[in-house]
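Before any comments, here is the structure.
When a residue number appears, it is its place in the shown sequence, counting from 1. Here the structure is a predicted model, which is why all the values come from computation and not from measurement.
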Amino acid sequence: MTVTQLPILNPQDITKSWLNEVLRGAGHDVTVENFVSKRVGTGQVGETYRFTLELDGKNPSAPTTIVGKFPSSDPESRATGVNLGNYLREVRFYQKLAPSALITTPVCLHADVDEETSDFVLMMEDLSPAEQGDQLKGLTLEQAELGIIEAAKLHASHWGDESLDVYPWLTGTSSAPEGLSDEMMGELWKGFCSRYSDLVKPEEVEIGEALIRNYEFYRTGYEGPRCLTHADFRPDNMMFGTAEGGYPLAVVDWQSVGLGAAMADVSYFLSGALTRETLRGHEDQLLKRYHQTLIEHGVKDFTLDNVWNGYRHFSFSLFIMAFAASMIVERTERGDAMFFAMLRGGSGHVTDLEALDL
């Protein structure tokens, strides 16, 4: 990844000379003769563009397409990204932690952020012909197993690593600012129920009300080891290889990365990636595969019982993201559909695991 000092530009302001510097800083001795850009992906807090390049041909190994990520152009979503530290966090992840995280991510060509304004730019490997997962469609069992394996690799990479506590930009560290308060979570839930009153089912209201009453316990009740977590580990943030090529699975969107409980990622992921019927039939198999992968990567102090206990405690995680995130980003038709798919998957997960008894 280049450390060349370049101006932080919006996608509309990118120039041939700027792209030249990005590629050369990443070790590609080429000249960009022309390029076109097009927005891709479904992100709401950030925007992603693919740059298709015409090169002078000096280096046949140089990429002819690259992907750039930028702040959202929507004021509300941008404010969320700034206020929650998402933009700074993602850039710092690629700069500081991606090389040691074990999980498969796109190769980063250039990353920079202005800590005062939160303007940022990330230029990365184009993962095409891999295809993005879809929260609304869900995943196959084989894809879910790939996700479980990548999650375990990520978690094992910095398992119990107290040195991460020095990073104030990493969510959940002792030097990080406090996150959303219990009171704020209650207000977000109240606002969600008001906005979507005709769509929220009675059983979802019951879960939400119980959760908000006991939110401090949910937030502080876990006392196990901490590790590096993605904290938005779901299909939309995954790129799966196809018959034409690509990594089997690469994980993107590191705006929420933090130091926390491994099983929060796992429960969050499985509750929304598979149908309830498929998950019920294969839950034990998937959690055993996860645990086995942890062991293979050196984790020794986490039993299968620990896996199941944490999995049940954090069964609320997708439900929480659904109502909280929907209230702090730009509202779109797909966004509403996605958040309700997450809410339904999360509530079903809580019900199946009888987690309200906690």
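- Heavy-atom neighbours of E131 CD from other residues, nucleotides or ligands within 6.0 Å: at or below the threshold of 12.
- R24 and T31 form a side-chain donor-acceptor contact under 3.5 Å, judged by distance and modelled atom types alone.
- At least one side-chain heavy atom of F233 sits less than 4.5 Å from a side-chain heavy atom of I103.
- The CD1 atom of I328 lies 4.5 Å from the OG1 atom of T80; values are rounded to the nearest 0.5 Å.
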Checklist entry - Could you go step by step and tell me if D165 and R226 meet the salt bridge (Lys or Arg N to Asp or Glu O under 4.0 Å) rule? => result CA-CA 11 Å; D165 266 318; R226 296 183 301 163; 2.7 Å; yes
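- Looking at heavy atoms from C-beta onward, Y94 lies in side-chain contact with T105 at the 4.5 angstrom threshold.
- The heavy-atom pair separating L228 from H158 by the smallest distance is CD2-CD2, 3.9 Å.
- Under the 3.5 Å distance criterion, with hydrogens and angles disregarded, a donor-acceptor pair is assigned to the side chains of N306 and T303.
- F192 and F340 have their aromatic ring centers within a separation under 6.0 angstrom.
- Both L199 and M338 sit in one connected hydrophobic cluster of ILVMFWY residues. Membership requires side-chain heavy atoms under 4.5 Å apart, directly or through other members.
- For E76, the CD atom sits in a packed shell: over 12 heavy atoms of surrounding residues, nucleotides or ligands are nearer than 6.0 Å.
- Listed here is the closest heavy atom pair of W159 and A262: CZ3-CB, 3.8 Å.
- Between W254 and F93, the ring-plane angle classifies as parallel under the 30° and 60° cut-offs.
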Next on the checklist: One pair to check against side-chain contact (heavy atoms from CB on, under 4.5 Å): L154 and L102. What are the steps and the verdict?
Outcome noted: CA-CA 6 Å; L154 171 68; L102 297 182; over 6 Å; no
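- Partner of L6 under the side-chain contact (heavy atoms from CB on, under 4.5 Å) criterion, chosen from L19, V121, V22, D112: V22.
- The side-chain heavy atoms of R276 and D352, taken from C-beta on, include a pair separated by under 4.5 Å.
- Using the six-membered ring where Trp is involved, Y311 and W308 have ring planes that are perpendicular, over 60° apart on the 30 and 60° scheme.
- Between the side chains of D13 and W18, no donor-acceptor pair is found at a separation under 3.5 Å.
- Of the possible polar contacts, none joining the E203 side chain to the S347 backbone as a donor-acceptor pair under 3.5 Å is found.
- For N20 (side chain) and V32 (main-chain N/O), a donor-acceptor pair under 3.5 Å exists by modelled atom type.
- At distances below 3.5 Å, not a single donor-acceptor pair connects side-chain atoms of E54 with backbone N or O atoms of N34.
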Checklist entry - Checking side-chain hydrogen bond (donor to acceptor under 3.5 Å, both in side chains) for the pair S73/E47: CA distance, chi angles, key distance, verdict? => result CA-CA 8 Å; S73 57; E47 294 181 0; 2.5 Å; yes
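- Taking the six-membered ring wherever Trp is involved, the centroid distance between the rings of H313 and F217 falls below 6.0 Å.
- In the displayed structure, Q12 atom CD is contacted under 6.0 Å by more than 12 heavy atoms of other residues, nucleotides or ligands.
- The shortest heavy-atom contact between V307 and H291 is CG2-CD2, 3.8 Å.
- Using a 4.5 Å heavy-atom cutoff, the side chains of D134 and P235 are not in contact.
- With sequence neighbours excluded, no residue satisfies side chain to side chain donor-acceptor pair (under 3.5 Å) with N309.
- We find the NZ-CG distance between K96 and L164 to be 12.5 Å, quoted to the nearest 0.5 Å.
- The nearest pair of heavy atoms linking H28 to P63 is NE2-CD, 3.6 Å.
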Item to check | side-chain contact (heavy atoms from CB on, under 4.5 Å) evaluation trace for L170 with V257 | outcome: CA-CA 7 Å; L170 191 62; V257 63; 4.0 Å; yes
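- Under the 4.5 Å side-chain heavy-atom criterion for ILVMFWY residues, a single connected hydrophobic cluster contains both W169 and V166.
- Side-chain contact between V350 and S315 is present, with heavy atoms from C-beta onward closer than 4.5 Å.
- S267 contributes atom OG, which lies 11.0 Å from atom CZ of R312 (distance to the nearest 0.5 angstrom).
- Note on L287 and F302: same hydrophobic cluster, where clusters join Ile, Leu, Val, Met, Phe, Trp and Tyr whose side-chain heavy atoms are under 4.5 Å apart, directly or indirectly.
- Cluster membership for Y218 and M263, using ILVMFWY side-chain heavy atoms within less than 4.5 angstrom, is shared.
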Checklist entry - Run the side-chain contact (heavy atoms from CB on, under 4.5 Å) check on R344 and E204 step by step: do they pass? => result CA-CA 8 Å; R344 300 272 142 81; E204 293 160 353; 2.4 Å; yes
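- Here the side chain of S194 pairs no donor or acceptor atom with the backbone of K190 at under 3.5 angstrom.
- Remark: side-chain polar atoms of E216 are not paired, donor with acceptor, to backbone N or O of D182 under 3.5 angstrom.
- Heavy atoms only, all atoms of each residue included: L318 and G345 are closest at CD2-C, 4.5 Å.
- Rounded to the nearest 0.5 Å, atoms CG (L249) and CD (E145) are 12.0 Å apart.
- Of the options L211, V205, I207, a side-chain contact (heavy atoms from CB on, under 4.5 Å) to E209 is made by V205 and by none of the others.
- The backbone N or O of I149 sits nowhere less than 3.5 Å from a side-chain atom of T293 that would complete a donor-acceptor pair.
- Note that CG of L259 is 9.5 Å distant from OG1 of T171, once rounded to the nearest 0.5 Å.
- Here the two rings, on F339 and Y196, have centers that are 6.0 Å apart or farther.
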Next on the checklist: Would Y268 and H230 count as a side-chain hydrogen bond (donor to acceptor under 3.5 Å, both in side chains) here? Give the steps.
Outcome noted: CA-CA 11 Å; Y268 181 90; H230 184 277; over 6 Å; no
Checklist entry - Hey, mind stepping through L286 and L274 against side-chain contact (heavy atoms from CB on, under 4.5 Å) and telling me if it holds? => result CA-CA 12 Å; L286 289 166; L274 297 170; 3.8 Å; yes
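- For the pair R78/N86, no side-chain contact is recorded, criterion being any heavy-atom separation below 4.5 Å from C-beta on.
- Residues D126 and F51 have side chains not in contact (no heavy-atom distance under 4.5 Å, counting atoms from C-beta outward).
- If you take CE on M123 and CD1 on I66, they are separated by 3.5 Å, rounding to the nearest 0.5 Å.
- With ring centers used as reference points, F240 lies 6.0 Å or more from Y247.
- Clustering ILVMFWY residues whenever any of their side-chain heavy atoms sit less than 4.5 angstrom apart, transitively, puts F319 in a cluster other than the one holding L358.
- Panel note: side chain D236, backbone Q135; a donor-acceptor pair is recorded below 3.5 Å.
- A heavy-atom distance below 4.5 Å is found between the side chains of H155 and T229.
- Under the 4.0 Å criterion applied to side-chain N and carboxylate O atoms, D253 and R234 are not assigned as salt-bridge partners.
- Of all heavy-atom pairs spanning R89 and S256, the tightest one is CD-C, 3.8 Å.
- Residue K69 is tested with T48, V252, V91 for a side-chain contact (heavy atoms from CB on, under 4.5 Å); the sole match is T48.
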